[in-house]
2 protein chains.
Amino acid sequence: MATAASGKLERSTTAVEVARVLKQRILAGHYAEDQFIRQELIAQELGVSRIPVREALAQLEAEGLVVREKYRGAVVPKLSVTEIEEIYALRLMIEPYLLRAAIANIQPDQIAHLSEIVRRSRETGDMTLWAGLNVEFHRTLYEAAGKPLAMQVLDNLLSRADRYLKMQRFLSAETQEESDAEHQRILDCVIAGDADAAVDALCAHIRWNATDVTRMIGFTA
Amino acid sequence: MATAASGKLERSTTAVEVARVLKQRILAGHYAEDQFIRQELIAQELGVSRIPVREALAQLEAEGLVVREKYRGAVVPKLSVTEIEEIYALRLMIEPYLLRAAIANIQPDQIAHLSEIVRRSRETGDMTLWAGLNVEFHRTLYEAAGKPLAMQVLDNLLSRADRYLKMQRFLSAETQEESDAEHQRILDCVIAGDADAAVDALCAHIRWNATDVTRMIGFTA
DNA sequence: GCGAAAATTTTTGGATCCAATATTCAATAT
DNA sequence: ATATTGAATATTGGATCCAAAAATTTTCGC
């Protein structure tokens with residue numbers, strides 16, 4: 001029976017919780033690139049000791065979201081053009097792999113779920129909500145693939161990419177519409193079971209995204 | 001001036017050191033799949049407190065080398081056929097990417113280094129030394145690519161694969177010869193600057209490796 | 001004797017305390 | 001005035017101690 005509904009019963013140690021919060025903050029651009037993340041400060045803010053904070057930072061370092069130097073502290077690494085190029089190059093390898101596997105395995109209820117996401121995505125005007133639906137679309141789609149390792153690798157890439165995407169938030173609303181349309185296109189191909197066309201649409205989607213971000217980087221960095 | 005020669009002066013916090021040792025042990029198959037890695041035991045064995053051990057385990061979990069359950073402990077996750085399939089599928093995407101970039105950037109002295117590695121690899125009879133030269137070959141080759149992120153992702157994949165490879169240690173000596181020959185083939189293509197041929201040779205190398213391992217898994221798991 | 005409930009033991013997670021190192025700031029010499 | 005050196009401060013890393021939860025053993029009832 002366990003905890004009522006289902007899923008996983010009470011997870012998360014405080015260290016994991018701290019890591020979650022820190023990750024959110026980092027991806028939201030809360031910390032400047034040269035700013036040290038002070039353990040004591042975080043500990044006080046969250047009402048815990050420094051131990052779980054340190055463990056959280058260790059995790060985040062393994063994920064590449066911070067860099068720690070001995071006796072100096074943890075900082076968010078600088079954004080770099082090479083990194084973003086690598087992120088998108090890797091996405092262009094991994095996502096087609098996941099998409100093909102997903103198309104081979106996907107179930108009707110999952111397709112319905114995807115349609116629902118796209119519909120809501122189209123309707124909403126809220127940028128953060130839209131962003132959430134955006135990742136949910138990809139996550140739902142790829143989970144049908146049954147490739148947990150590739151999924152984990154991709155998750156890490158998307159986490160890193162998020163730091164760059166946040167700068168993109170200010171971009172046009174047509175960006176949003178265009179993205180929704182591409183999602184719809186991909187979904188249509190999935191429903192039709194046309195893997196090649198789906199991959200084409202997906203890659204176009206990613207590439208378009210990539211040029212958008214790199215253009216943005218070019219302005220600032 | 002600092003510490004004599006050069007490079008980085010005394011790195012590594014004890015937590016990192018512990019992580020290194022644990023990683024070695026895990027990859028060497030020191031811990032059974034259902035066996036809990038007890039913090040206190042590790043701490044005593046290495047003469048440190050449990051704190052750095054915990055931090056090390058947190059890092060290793062982020063790398064996917066252990067799984068931790070709240071208040072239960074850390075275990076090495078089970079080997080799975082799906083994981084090994086994913087690993088090799090991902091390697092077949094990432095390594096060609098790195099190889100092409102490496103060929104575009106590689107310098108004469110790096111090529112010389114690679115030749116040296118292959119030569120030594122051919123000569124040695126020691127299996128562990130050979131394994132070391134094996135990874136050094138790939139590492140040296142890909143470092144020329146100047147793609148740190150892809151390199152990091154690949155490193156993680158190779159770490160995971162190592163757990164499967166160790167079972168392969170008992171395989172024939174002709175495995176070793178064949179592998180050396182393939183390295184030589186790849187190196188020849190690199191020298192000739194023929195990226196397509198190099199990638200073909202590399203993929204053949206990886207695929208051959210994959211079938212070898214999956215065959216092995218089939219026997220045991 | 002066997003099963004269930006309770007107590008003991010073990011082990012992890014977190015907090016507090018101490019040591020090691022880096023940073024900052026003041027004093028001093030040139 | 002400026003650079004250099006040394007003391008004071010701040011901050012991280014590690015050790016010891018305590019609490020929470022799981023595993024194990026013991027005890028009690030039948």
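In what follows, chains carry the letters A, B, and so on, assigned in the order in which the sequence lines appear, proteins first and then strands, with residues in each chain numbered from 1. The analysis underlying the following values was restricted to heavy atoms, covering all of them including side chains, and did not include hydrogens, waters or symmetry mates.
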| request: Starting from the 5' end of DNA chain C, give me the residue, B:Phe36 or A:Gly47, whose nearest nucleotide shows up first. | output: B:Phe36
| field | Separation of D:dT12 P from A:Ile37 CD1 (nearest whole Å) | value | 10 Å
| Using a cut-off of 4.0 Å on non-hydrogen atoms, how would the nucleic acid contact of B:Arg54 be classed: base, sugar-phosphate, or nothing? | base
| Interatomic distance where CD belongs to A:Gln39 and C1' belongs to C:dA15 [whole Å] | 14 Å
| request: Measure from the side-chain N and O atoms of A:Arg163 to the backbone N and O of A:Pro77, and report whether any donor-acceptor pair falls under 3.5 Å. | output: yes
| message | Rounded at 0.5 Å granularity, tell me how far CD1 in A:Ile84 sits from OH in A:Tyr88. | response | 5.0 Å
| request: Give me the ring orientation class for B:His183 and B:His138: parallel if the planes are under 30° apart, tilted from 30 to 60°, perpendicular past 60°. | output: perpendicular
Anything under 3.5 Å between a protein N or O and an N or O of nucleotides 16-18 of chain D, put it in a table, one pair a line.
none

| remark: In whole angstroms, the gap separating C1' of D:dG13 from CD of B:Gln59 amounts to 13 Å
| Mind checking whether A:Arg160 and A:Glu86 have side chains closer than 4.5 Å, heavy atoms only? | no
| task | Using atom CZ of A:Arg68 as one end and atom P of C:dT21 as the other, report the distance to the nearest whole Å. | result | 17 Å
| request: Let me know which of A:Leu22, A:Val76, A:Asp162, A:Leu27 forms a side-chain contact (heavy atoms from CB on, under 4.5 Å) with A:Leu65. | output: A:Leu27
| task | Calculate the interatomic distance between B:Gln44 atom CD and C:dT10 atom P; express it in whole Å. | result | 13 Å
| task | Nearest whole angstrom, please: distance from the C1' of D:dA22 to the NZ of B:Lys70. | result | 12 Å
| task | Compare the minimum distances between each of D:dG13, D:dA20, C:dA15 and the side chain of B:Tyr71, then state the nucleotide with the smallest one. | result | D:dA20
| said: If we ignore hydrogens and angles and just use 3.5 Å, is the side chain of A:Tyr142 paired with the main-chain N or O of A:Ala101 as donor and acceptor? | reply: no
| A:Leu41 CG to D:dT12 C1', straight-line distance once rounded to whole Å | 15 Å
| Counting distance only, does the side-chain N/O of A:Gln39 pair as donor-acceptor with the main-chain N or O of A:Ile37 below 3.5 Å? | no
| query | Nearest-Å distance, CD (A:Glu55) to P (C:dA15)? | reply | 11 Å
| message | Taking any heavy-atom pair under 4.0 Å as a contact, classify B:Leu57: base, sugar-phosphate, or nothing. | response | nothing
